[in-house]
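Shown next, in structure tokens, is the structure this report addresses.
All ligand and atom numbering here is 1-based and tracks the order in the structure.
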Amino acid sequence: MTSQNEQLAQIGVVGLAVMGSNLARNFASRGHTVAVYNRSPEKTRTLIADHGSEGDFLPSETVEDFVASLERPRKAIIMVQAGKATDAVINQLADAMDDGDIIIDGGNALFTDTIRREKEMRERNRHFVGAGISGGEEGALTGPSIMPGGPKESWETLGPLLESIAAVVDGTPCVTHIGPDGAGHFVKMVHNGIEYADMQVIGEAYQLLRFGAGMEPAEIADVFAEWNKGDLDSYLIEITAEVLRQVDAETGKPLVDVILDAAGQKGTGRWTVKEALDLGVPTTGIGEAVFARALSSSLDQRAAAKGKLPTGALKTFEDLGLSKEEFIEDVRLALYASKLVAYSQGFDEIQAGSDEHDWGVDPRDLATIWRGGCIIRAKFLNRIVEAYDNDSDLPSLLLDPYFNGELKDLIDPWRKVVLYATQLGLPAPVFTSSLAYYDSLRAERLPAAIVQGQRDFFGAHTYKRIDKEGTFHTLWSGDRSEIEV
Ligand code: NBP
């Protein structure tokens, strides 16, 4: 620890709960002098007592002292609870700072709040950077994936600092300037949405192996560990194997069997879906994943329905006439296909958000910085980078020649697994809805023509024709002739 009189800090961290403390330690471990401040001074004192020897920290107990301990232009990262707390801290910092100083919000802010805050700070000559930070507490300490938005000039100053603490894959730091104002928090939001879908498809695969093929958690852990050596190689598959292997010390049962099957959520998945609805982007995989968590948590309704709803004639795994090995491989391929759809939909939402707000987000850059540090890090992201290298205007990831080739091998097992799940009576909402999305996307004709006919019938909403330009209406309650409107 260094005395405040001797030197100024290159970076400051406000908010020293788990994320802020770890981020401050990460900066210090890379040789930066780090100013630290927390509303309740105990957390600052604990950080210094426990980790002060890891590097150069400048602790302060007032915002004014904290700001005074920063090198100019001052750079302070806020890691406090999203919402009102963030607004309060931004204003305290802005009051104590000068023109050109940079305030970075590293929390999980809603991107529209970030747009508002950036504007407010710009009007006060402060730079404001909303930065999505992924990787949880471990990532914050050892190297997260960082998605900073805000003014490009701030990136010039901040970039090297953030690059020094980010995860590194193949020599490339997992951080880049995403785009102006709310772009960073927008892509972090969609990242989390994709994470929801990725977690859910892994859960659905588990469910089929466990309650379809009757496999034990430890055996499924071995399967997942094996999958982690191939196309599905990812952090989430890796940790799922760890969770499945864990035995509860109290009961001796697999831990997964004693964990209440009600999934929590903090809101970023829900935000992703709400925004997708507003943008008109069908992120069905993410939507189903968010709803699956909501349904799992509807405990009273589930208890009331348990054993009461008719199942129809279900098949057993034996009825399917498959070997366990065949089934496992089909489930693996269905998981891969559904995951591909979820990522493709997520990238579509990012493109739509970027177009809507004129952010110029480069999907290739995103795939690059998601390869390490973040929760959805996966080998698969290298393929997404290559897809955008080959065609930066790809209309859908599914149309990239590599993924298109993969889909030729995935489609039959995927259809089979959706069928098996239905016959076994096991819910697989993301596997199923992703296949419906895929079949809709490639369809020659969609039932939307019927919907347009109905809308015109009851509401004179008009329709377009496939054979000529113009907008038309049929006189449904008259002589049923067509008029051009
Ligand atoms: P929390 O989200 O639990 O927030 C606790 C911190 O906020 C404490 O430092 C607390 O100070 C401070 N705070 C609050 Br609450 N109200 C405040 C106020 N009015 N003024 C000043 N400070 C206030 O911390 P976290 O889990 O470390 O997360 C920090 C941010 O990072 C959040 O936005 C979170 O969404 C985001 N994030 C978290 C993760 C994760 O894995 N946990 C991952 C990625 C992003 P006090 O000590 O005085 O109460």
Side-chain angles (χ1 to χ4, degrees), residues 12-27 34-51 59-67 76-96 103-114 117 128-149 162 165-167 174-175 182 184-196 199 235-236 239 264-272 369-370 372-377:
V13 179
V14 182
L16 302 175
V18 56
M19 288 294 287
S21 299
N22 282 359
L23 214 56
R25 290 172 61 200
N26 188 347
F27 276 115
V34 191
V36 287
Y37 166 75
N38 191 74
R39 179 182 59 175
S40 342
E42 299 77 44
K43 280 204 180 77
T44 314
R45 292 176 200 148
T46 306
L47 170 69
I48 299 305
D50 294 350
H51 304 286
S60 294
E61 299 202 355
T62 68
V63 171
E64 291 71 24
D65 285 350
F66 168 78
V67 168
I77 301 191
I78 303 173
M79 293 305 293
V80 304
Q81 206 172 61
K84 286 199 177 87
T86 303
D87 275 314
V89 176
I90 291 170
N91 286 318
Q92 287 162 10
L93 285 174
D95 289 348
I103 299 171
I104 306 117
D105 174 18
N108 270 336
L110 182 59
F111 77 98
T112 46
D113 284 341
T114 304
R117 289 166 179 154
F128 183 77
V129 173
I133 300 183
S134 178
E137 52 186 283
E138 181 65 22
L141 182 63
T142 58
S145 175
I146 312 175
M147 295 149 251
L162 297 181
I165 60 154
C174 294
V175 54
H185 275 137
F186 183 90
V187 302
K188 171 62 171 35
M189 172 188 79
V190 179
H191 162 285
N192 285 24
I194 293 173
E195 180 183 308
Y196 272 56
M199 293 167 75
Y235 172 70
L236 283 169
I239 64 164
Q265 46 182 318
K266 284 194 172 168
T268 42
R270 199 164 47 226
W271 291 348
T272 309
I369 66 164
W370 288 350
C374 68
I375 304 297
I376 62 170
R377 60 184 182 262

Q.
So if I apply the side chain to side chain contact (heavy atoms under 4.5 Å, CB included) rule between Lys188 and each of Ser134, Cys374, Ser145, Pro148, which one comes out positive?
A. Ser134
Q: Sort out the contact shell of ligand 1: every protein residue with a heavy-atom distance below 4.0 Å, listed by chain and number.
A: Gly15, Leu16, Ala17, Val18, Met19, Asn38, Arg39, Ser40, Lys43, Met79, Val80, Gln81, Ala82, Ala85, Val89, Gly107, Asn108, Ile133, Gly136
Locate the shortest heavy-atom distance separating [X] from [Y]; write the atom from each residue and the value.
X	Y	result
Tyr37	Leu16	O-CG, 3.7 Å
Asn192	Thr268	ND2-OG1, 3.0 Å
Ile103	Ile90	CD1-O, 3.9 Å
Phe111	Gly182	CB-O, 3.6 Å

(Q) Counting neighbours of CD on Gln265 that are heavy atoms of other residues, nucleotides or ligands and sit closer than 6.0 Å, is the number greater than 12? (A) yes
